[in-house]
Structure formats: structure tokens, C-alpha cells
Amino acid sequence: MATLKIDTVSRWFGNVVAVNDVTMEFGPGVTGLLGPNGAGKSTLINMMGGFLPPSSGAVTLDDAPVWRNEGIYRRIGLVPEREAMYDGVSGYDFVLANAKLHGLPDAAAATKRAIETVDLVEAQSRPISTYSKGMRQRAKLATALVHDPQVLLLDEPFNGLDPRQRIHLMDLLRTMGKEGRTVIVSSHILEEVEELASRIEVMVSGRHAASGGFREIRKLMTERPHQYTIRSGDDRALASAIIAERCASAVQLVLPKGAGTAPGVSHDATLQVQATDVGEFVRVLPRLALSRGIRLYEVSPADESLESVFAYLVAR
Amino acid sequence: MSAQPPLATPPKSETIGGPFNLTVAQLTMRGLLGRRRVIFLLALPGLLIALAILIRALAGQDDEVTAGVAGGLGVAVFVPLMGVIAGTGAIAPEIDDGSIVYLLAKPLSRHTMATTKALVAMVTIVVFSGLPAGLAAFLMSGADNDLALGLLVGGCAAGIAYGAVFLLLGVVTRSAVLFGLLYALIWEAVVGSFVPGAKTLSISQWAASITEAIIGKDTAESLNMESAVDLGVGITLLVIVTIGATWYAGRRLRSIRLAGEE
């Protein structure tokens, strides 16, 4: 059982704040570190892996500092995001070298098991330079597993894996989590983390935006106000009806440039609706349009990008 | 992929130490002596030895020519150049591409790592430039006098110090090759030749004190190979710089920072 703690950690590079006053605790089981690209996930993983000191705060594994503590790597396995490996050697030799560097008593047996675990047996004799992205990812994973670590840090491990490999890796990580290992997986894809992690920590713009089980995170995301763009035959009448139904917090009529404000709005105008209860809104909207004889030309969610979801979580 | 059964517990000691680690050495050798690189590494000594054979065949034995070719080119230019290639090449590419993470994420003493890499660099420099410089001198002047032996020992001593210094450069700066070439070709070859004070801060001059001691002061003077420093000072500085640079490289490896993709 191992607990990795991040205590009021900030990390800046010159004037750029990559991680801003983050406190988290990772215990046994699989935890997803979720956030868009540039959110500070890799910086956090690098600090947890002992490859970067915090500018302030502390990162500890069972109360022992991670930075400048080589002995800690007996307990930590790392799958970095960067692709570079020792390309001239075969997958087997590379994993074996990692086992020897750990000082394992039977490095060959550990290598065999790690390679079998990641399903790389067929390609183990080939030079790493000939590997596909998925094979490289599995070779990286084998090097991280070879010493049977208590803590496993994986930075975007699903990049480049095909669906079958993705499912297998998820099964493996879930099993390792159930065995009591502390498994931390960073990803920018919610669905990936949702399928895998019992707990999710959300990072946005270097800040710790949200924390909880995937249901809580999903709930936060679905309960946030959703913005819809609507084009209809009578935008003003539809706006009045939507506001009266109380399923939207704001409705804005957006006119095209140069258009007047007189009644008889052109079809180029749009309604921007901030729906507070999405389920109710999508149920009510067609009924309102039908009962008032208003034709709907377009109804589309305006801000479903992951970044906007994260931005909402940060702003809360 | 399937769940991994528990493996045998690794040794209890926290950090693996010692002066040398065979696995680090093997990985470093593979990086340094890859197929294309080894052809390049062989080109310099090959050129020197071919030149020595050609000169001996055409001009016969001439110690001044030997001093110019094996000493002026082999020891003064090829050894520091090989020092830059092997010294920085033993670690800088791994830091640049991030693959060093696989070494750093191990319970291995950073000093062991630095010492091992320095030793690999030193052996490479000696084999590909120090020994060929001595061999070239032997081919040109034979073994009648100690000129070949002096250049061999001096060249190898310089190569060992270059290995440590350029390895340190590879750890502390991303522009190690540039700084290494500036030092080897500008400082040592140009500034060191014309500015008297700069000569005393030159690895090649420290090594030249060993060559001078072997071939004798008179021969060194007649061949324009005298050193700017005494033998005791030269050897002391070579030892201090070699050990100091290797130790400091290990210390810097302890706090090396790897930024992510972000």
C-alpha cells in the first residue's frame, strides 16, 4: 500500500505557472488525472516521478520526498509520454536492461513476465526502432512493470494503442489497482479515464479543478449550463416561450452584423440559449415550437468541447 | 495482457552504488558505437594512420614531421575532437530525446551512472584517438626514440580528461557540442597557442607535460613540443579535473530536471 501526496504544490517555468497550488492524495486503486493538453498533467507526473522539483510545496511517497531520492524508484514505475527509447536494442534487451538496473535478483525471469504481461512476446526480439507506436507503448509499460512497483505513473498511456490493446491495458491497470497498487493515469479523454478509474482528479490551466468518482465528475459536467444555438422562424416569440418555461437561465438574440432591431427577424439571426436543465430543455423546445407554429431550422449545442467543460469546472 | 504475478523482492539496500555499472556501460556503448557512428569514429584515426603511412613512405623518418602530424594533428586536434564526440555523446543525446528517464527512474546512484558513462567515453576516446595518435607516431618515427610513447601516453591522458569534462558539459548544457567544439578548437588550438596565460588552462598543455617528460626536455624544445606547465602541475590538474568533472556530473544528474511535453 502506498500513498503519494501532493501538498500545496506549485511549479512555474519563468513567468509561466504550469501547476498552481495543487493538493492531491493518491492511494491504492486507479486514479485518473484528467485535463486538456497544457493543463499541467505532465508537469505533475514529472514531479510525482521525481524528475522535477516543485517550486513550492512538497511531493512525498509515504512521507518520503520524491525529489532527489533515487531509492524511491524501487517502488515507482513510470511510463513517460515521450517516445524516445534506446532504439538500437531489441524490446527484450531493453526490458532486461531495465530489470538489471533495478538490481533484480532474477532479471531474466522478471523480463519474461513483464513482456508476457504486456503481450509483447512475438515482437520481443525485434529492435525497438521497428516497433509501431502501440508496441513502443507496451515496451515502455513492460519497463515500468518489470520490478513489480507499488506505484505506477502513466502519462497518456493510451496514445497510439488500437482498441484491442486499449481494452487489454485497461484490464491490466484495473487488476493492478485491485491488487492494492497505486495507479495514476493521465489522460485528456474523459471516456478513457471514466472506464478505468475509480477516482478522477481534474486539472485545468495548472489548477486542481475538480475531484471525485467518475459519476460525480460526469454529474458536474452534465449539470453545468449548456449553451445551445437555435435558428427558427420567429426567434423573438421562441425566446419569450423558452424563458417562460424556466429551463434556461438566459436567452440572447444575436443579429447578423448590420441588421436592424425591428420585428421580423431574418433567418440569419440566432438565439443563444443557456439551458440550466438540459433534459427538460430538449424535451420542452419541440413542444413550444409546435404549439406556437414556429419552424426550427437549427438546434445545436454550442460549447461541447472538452475545454469548455473543463473551463466551466474551473470557474465554479 | 494479463495481470502480473508478484516478482521476487529486489535487494533491500535503497540505492545501487559502486564505481561502475555494466548495464549502463552497455547501453552507453550501444549509443556511442551505433553502426553509422562507428564509421564516423573510425574515419578520424583511419585518416591519421593513412597519412602517417603515406608520409613515412614518401618522406622517410622525420621527427619534426611526426611531431606535426601525430602531435599537432593527432593529439592536439583529433583527441579533443573525439573528446567532444564521445564525451558529450555518452549522455547528451539521451538527455535531449528524454530516453535518460529510463536510467534515472532506477534506484541507481547518479555518481555510479556518471562514472560509468565517463569511463565509456574515456575508453572510446583513447581507442579512437589516443592510441591511433601513438600508432601514427610509431609508424612515422619508429620506436628508436620515445616520441611515439610520449605522444601515446600524453594523448591518452588528455583523452581521459576530455572524456570527463565533455561528459559534464553534456549534463549541464543542451549546447554541449557547441561549447565543446569552441573549447577544443578555439580555446585550445587558437587562444592557447597565442595567449601565454591561456596555455596553463589547457588540457592539452597539461597532457603535453607528460609527453615532454617522456621524450625529454631537449627533444621537446627541438620539436616545439614543450609544455607550458611542469609535470607535477600538469598531472595534478589532469587528475583534479578528471575526478572533479566526473563527480560534479554525478551531482548534477541527481537534480537533473525533465520537463514534460507541455
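As the structure is a computational prediction, the values presented were derived from the model and not from experiment. So that the names make sense, note that chain A is the first sequence line, chain B the second, and so on, each numbered from 1.
Between chain B and the residues A/Gly88, A/Pro53, A/Gly77, the largest count of heavy-atom pairs under 4.5 Å involves A/Pro53. Note: B/Arg110 leads B/Glu94, B/Arg110, B/Arg30 in heavy-atom pairs under 4.5 Å with chain A. Ranked by heavy-atom pairs under 4.5 Å with chain B, the list A/Ala144, A/Ala84, A/Pro80 is led by A/Ala84. Among the candidates A/Asp87, A/Val89, A/Leu120, A/Thr143, the residue making the largest number of heavy-atom pairs closer than 4.5 Å to chain B is A/Val89. The candidate from A/Arg68, A/Lys100, A/Arg75 with the greatest count of non-hydrogen atom pairs under 4.5 Å with chain B is A/Arg68.
The two residues A/Gly71 and B/Pro107 have their closest heavy-atom pair at CA-CB, 4.3 Å. A/Leu52 and B/Arg257 make their closest contact through CD1-CB, 3.8 Å (heavy atoms, listed as atom of the first residue, atom of the second, distance). The two residues B/Lys106 and A/Asn98 have their closest heavy-atom pair at NZ-OD1, 2.6 Å.
Between A/Phe51 and B/Ile100 there is no side-chain heavy-atom pair separated by less than 4.5 Å. Side-chain contact between A/Arg74 and B/Ile16 is present, with heavy atoms from C-beta onward closer than 4.5 Å.
Here the CG-CG distance, from B/Leu108 to A/Leu101, works out to 6.0 Å after rounding to the nearest 0.5 Å. The distance from the OH atom of A/Tyr86 to the OG1 atom of B/Thr28 is 7.0 Å, given to the nearest 0.5 Å. Note that CG of B/Asp97 is 11.0 Å distant from CE of A/Met85, once rounded to the nearest 0.5 Å.
A ring-ring contact (aromatic ring centres under 6.0 Å, His included) check over residues 20-44 of chain B, counting only residues at least two apart or in different chains, returns nothing.
Only the side chain of B/Asn21 comes within less than 4.5 Å of a heavy atom of chain A; its backbone N, CA, C and O stay farther away. With a 4.5 angstrom heavy-atom cutoff, A/Arg174 does not touch chain B via any of its atoms. With a threshold of 4.5 angstrom between heavy atoms, A/Asp93 approaches chain B through side-chain atoms but not through N, CA, C or O. Using a 4.5 Å cut-off between heavy atoms, B/Arg254 contacts chain A through both its backbone and its side chain. Heavy atoms of B/Leu104 lying under 4.5 Å from chain A belong to its backbone as well as its side chain.
Summarising the local packing, CZ of A/Arg126 is surrounded by more than 12 heavy atoms from other residues, nucleotides or ligands at distances under 6.0 Å.
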